[in-house]
Amino acid sequence: MEQTKKRFKAGIMGGTFDPIHIGHLVLGERAHHQFGLDKVFYMPAGNPPHKQNRKGRATDEQRVEMVKRAIASNPHFALSLVEMNADGYSYTYRTLERLRAQYPDTDFYFIMGADSLADFHEWKEPQRIADAANIVVATRNQMDPVRFEELLEQQSERFHTEFLRLDTPNLDISSKNIRAMVRNGISPRYYIQDVILDYITENGIYLGEEE
Ligand code: ATP
Ligand code: MG
């Protein structure tokens, strides 16, 4: 009997991770379970040259270091630096097409929040993203559940593919909010892991006014 080789399932969690918070981690973990992903790759986006070393923000190196520390204890999470090594910036469609060419036996699951799905058609080459990966979407910003389903359907029709719903509770947490808490001397404890809070404190990140 012919053996059909099981295809590898890779989740991709892309983001700025400035800093990585428990929302990002919950999404990866839930996607791993719901879709049987073999690995979830956390893929920090490189900042374009004109956005390097902005005041009130972490450097690329610090963002990568925080991701590393955040995922260290999870055996099915991994770090991907493919968007960091390019000249600082890469479009998602290019990254996914490259990965597809490089790993033909892998199915890719690109994970995003509903805010990203809402403006997905404004991304660079969205059709090529939709063709290159399954897209898995988690609710965000208290989106009404009916509205969320409609949005999934709308975008599925528009891009002739099925956008998949990731079953997560609404997690009211964003990096922007965490940066503001640190800047204002409010503890972001439990929104981010202790190791990340320690790293931020030790390195004095997010203290200055954001540019
Ligand atoms: P910022 O406030 O700086 O935009 P963020 O919290 O949105 O940061 P990003 O790095 O921009 O984090 O997000 C990466 C991806 O994770 C995006 O697709 C975003 O929609 C998703 N995401 C981030 N936080 C959440 C959350 N709390 N619930 C659902 N999705 C989230
Ligand atoms: Mg965001």
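The chain is numbered in sequence order, starting from 1.
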For [X], does the [atom1] atom have more than 12 heavy-atom neighbours from other residues, nucleotides or ligands under 6.0 Å away?
X: Lys6; atom1: NZ; result: yes
X: Gln102; atom1: CD; result: yes
X: Arg100; atom1: CZ; result: no

Notebook entry, point to check: His21 vs His24 aromatic rings, parallel, tilted or perpendicular, using cut-offs 30° and 60°?
Noted result: parallel
Salt bridge present between [X] and [Y] (N-O < 4.0 angstrom):
X: Arg128; Y: Asp131; answer: no
X: Arg7; Y: Asp107; answer: yes
X: Asp167; Y: Arg30; answer: no
X: Arg179; Y: Glu210; answer: yes

Nearest-0.5 Å distance that lies between atom [atom1] in [X] and atom [atom2] in [Y]:
X: Phe108; Y: Leu37; atom1: CZ; atom2: CG; value: 11.5 Å
X: His121; Y: Gln155; atom1: NE2; atom2: CD; value: 6.5 Å
X: Tyr109; Y: Leu166; atom1: OH; atom2: CG; value: 12.5 Å

Check: Among Leu164, Ile129, Thr161, which one satisfies side-chain contact (heavy atoms from CB on, under 4.5 Å) with Ile135?
Finding: Ile129
Notebook entry, point to check: Do the side-chain N and O atoms of Asp115 and Asn141 include a donor-acceptor pair separated by under 3.5 angstrom?
Noted result: no
Note to self: Under a plain distance cut-off of 3.5 Å, with no hydrogens placed, do His76 and Glu29 share a side-chain donor-acceptor pair?
What the structure shows: yes
Checklist line | ring-ring contact (aromatic ring centres under 6.0 Å, His included) assessment of Tyr103 paired with Phe8 | finding: CA-CA 9 Å; Tyr103 303 100; Phe8 191 84; 8.6 Å; no
Next item on the list: Would you please name every residue forming a side-chain hydrogen bond (donor to acceptor under 3.5 Å, both in side chains) with Gln154, sequence neighbours left out?
Entry: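 Here no residue qualifies.
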Check: Shortest non-hydrogen contact from Arg140 to Ala114?
Finding: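 Closest heavy-atom pair between Arg140 and Ala114: N-CB, 3.8 Å.
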Item checked: Residue pair Tyr206 / Gly56: nearest heavy atoms and the distance that separates them ->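 Minimum heavy-atom contact is CD2-O, 3.3 Å.
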Is [Y] close to [X] at the side-chain level, that is, under 4.5 Å between some pair of heavy atoms?
X: Phe159; Y: Pro126; result: yes
X: Pro145; Y: Thr139; result: no
X: Thr106; Y: Lys9; result: no
X: Gln62; Y: Arg57; result: no
X: Met43; Y: Thr95; result: yes
X: Ile200; Y: Met66; result: yes
X: Phe148; Y: Asp144; result: no
X: Phe110; Y: Met13; result: no

Notebook entry, point to check: Any chain of hydrophobic side-chain contacts (each under 4.5 Å) joining Leu79 to Phe77?
Noted result: yes
